[in-house]
Number of protein chains: 2
Amino acid sequence: MTDSAKTKRGKRERLVAAASQVLHQQGVEKTTLADIARVAEVPLGNVYYYFKTKDQLVEAAIDAHALGFRAMTASLDAHTGPRDRLKALLRGWIEQREVTARYGCPTGTLCSELDKRTDGLDRAAAEVMRLLIDYAERQFRAMGRADSHELAIALVAAYQGISLLTNTFRDPELMAVEGRRLERWIDSLA
Amino acid sequence: MTDSAKTKRGKRERLVAAASQVLHQQGVEKTTLADIARVAEVPLGNVYYYFKTKDQLVEAAIDAHALGFRAMTASLDAHTGPRDRLKALLRGWIEQREVTARYGCPTGTLCSELDKRTDGLDRAAAEVMRLLIDYAERQFRAMGRADSHELAIALVAAYQGISLLTNTFRDPELMAVEGRRLERWIDSLA
DNA sequence: GTCTATATTTAGATAGAC
DNA sequence: GTCTATCTAAATATAGAC
């Protein structure tokens with residue numbers, strides 16, 4: 001991606017990209033539309049031409065996040081088998097450890113924060129988490145595990161938990177160590 | 001606790017108790033001082049006699065949370081051995097599963113949300129998480145494990161992760177199932 | 001110490017010129 | 001479609017009577 005917000009992609013697209021980034025870094029509640037507009041290099045008043053409310057922009061960012069996840073898993077499917085796909089997922093998490101140490105897991109922080117809301121945004125975030133669990137579950141099932149659902153929950157929980165600790169203590173090594181532990185765990189499964 | 005906010009405990013004490021409750025339920029950013037004052041049954045303007053800023057009240061609530069955790073572990077130490085203490089910890093988490101499904105782990109949600117802040121409040125929340133890890137680590141060490149630190153991180157990460165999923169999907173059974181899995185894991189350790 | 005009324009600030013949202 | 005200026009609502013914080 002050589003494009004920055006500066007370049008002449010569509011403004012709507014720039015706003016969504018800027019929202020994804022800033023919402024992850026600052027959290028939903030602490031992010032103002034002015035913050036997003038500045039990063040997207042779109043005048044504040046113009047935001048409302050594309051999104052009627054802040055919530056609609058947040059929802060668009062979540063949808064973009066879900067789309068990005070589907071693209072990632074699609075490329076993961078290039079790997080030969082389900083075990084390799086799971087380990088590739090783990091390695092991706094380990095590679096992102098610096099970002100995670102600074103800002104947490106994008107999906108996890110969204111779910112945690114948006115859960116406090118009564119409107120539908122919390123369900124949109126939960127949907128992304130569901131995508132992740134379902135993907136892991138399919139791999140465990142392809143490995144022939146009858147307890148694929150429980151294993152998928154355990155894997156994603158371990159990742160979300162270590163993401164939170166990595167972020168809380170600002171220590172990327174936590175993710176690296178736990179990631180390797182999870183890799184050994186996956187190798188140990190029949 | 002037969003005391004409600006109504007009773008004539010000190011106002012400062014009532015404000016801290018109300019803050020602990022409401023901050024857990026609504027999150028820090030979405031909670032107003034008016035919310036806390038209402039639950040504590042203290043007039044809004046009077047809050048500022050006890051706390052100069054909202055942040056100071058939030059910090060007092062975090063400190064109270066840390067104090068409560070120390071009291072809990074002190075009573076856990078009544079258990080015969082380190083393995084029983086860890087399993088008692090797990091059973092406590094399982095017992096809290098309905099609250100966790102609705103509002104998440106109090107410590108985890110605080111750490112996740114406050115991490116987005118630059119002031120010192122994020123470190124106050126991290127300290128409570130540190131207490132939890134240190135306690136678990138002491139038990140693993142007492143069990144004779146050389147890898148007590150790694151095990152403590154894994155245990156707390158598993159708990160924090162399943163708390164997030166339990167909350168995200170509003171499903172207390174997730175905590176119950178994973179809690180039993182973690183109990184078996186602790187039993188399996190030499 | 002207590003509490004009402006209000007000042008101040010900020011951010012979401014809109015009006016209307018171009 | 002774009003953008004400046006502004007409205008409005010809400011929340012933190014304060015003033016000052018009691």
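Convention: sequence-line order gives letters A, B, ...; per-chain numbering from 1.
In this structure, the CD atom of A/Gln56 is 14 Å from the P atom of C/dG12, given to the nearest Å. Computed from coordinates, the A/Phe51 CZ to D/dG1 P distance equals 13 Å when rounded to whole Å. Here C/dA11 presents its C1' atom at 13 Å from CZ of A/Arg38, a figure rounded to the nearest Å. Here the C1' atom of nucleotide C/dT10 and the CG atom of A/Leu44 are 12 Å apart, to the nearest Å. Atom CG in A/Asn46 sits about 15 Å away from atom P in C/dT14, given to the nearest Å. Between A/Leu33 atom CG and C/dT10 atom P the separation is 16 Å, expressed in whole Å. The CG-C1' distance, from A/Asp55 to C/dA13, rounds to 13 Å in whole Å. Between B/Leu57 atom CG and D/dA13 atom P the separation is 11 Å, expressed in whole Å.
Side-chain N/O atoms of A/Tyr49 include none lying less than 4.0 angstrom from OP1 or OP2 on D/dT2. Under 4.0 angstrom from either OP1 or OP2 of D/dA11 there lies no side-chain N or O belonging to B/Lys54.
Of all heavy-atom pairs spanning A/Met129 and A/Gly108, the tightest one is CE-CA, 4.2 Å.
The pair A/Arg141-A/Glu137 meets the salt-bridge criterion, since a charged nitrogen lies less than 4.0 angstrom from a carboxylate oxygen.
Here the CZ atom belonging to B/Phe169 is positioned 8.5 Å from the CG atom belonging to B/Leu164, to the nearest 0.5 angstrom.
Comparing atom distances between the A/Lys11 side chain and each of D/dT2, C/dC3, C/dG1 picks out D/dT2 as nearest. Comparing atom distances between the A/Pro43 side chain and each of D/dT4, C/dA11, D/dT14 picks out D/dT4 as nearest.
Between B/Asp84 and B/Thr80, the side chains place a donor N or O and an acceptor N or O closer than 3.5 Å (distance only, hydrogens not considered).
Of the two residues near DNA chain C, A/Lys52 and A/Lys30, the one whose nearest nucleotide lies more 5' is A/Lys30.
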Practice item. Using the salt bridge (Lys or Arg N to Asp or Glu O under 4.0 Å) rule, take A/Asp187 and A/Arg184 through it: C-alpha gap first, then chi angles, then the decisive distance, then the call. Key: CA-CA 5 Å; A/Asp187 277 329; A/Arg184 290 194 301 273; over 6 Å; no
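In this structure, B/Tyr50 reaches the sugar-phosphate backbone alone: every heavy-atom distance under 4.0 Å involves primed, P, OP1 or OP2 atoms, never a base.
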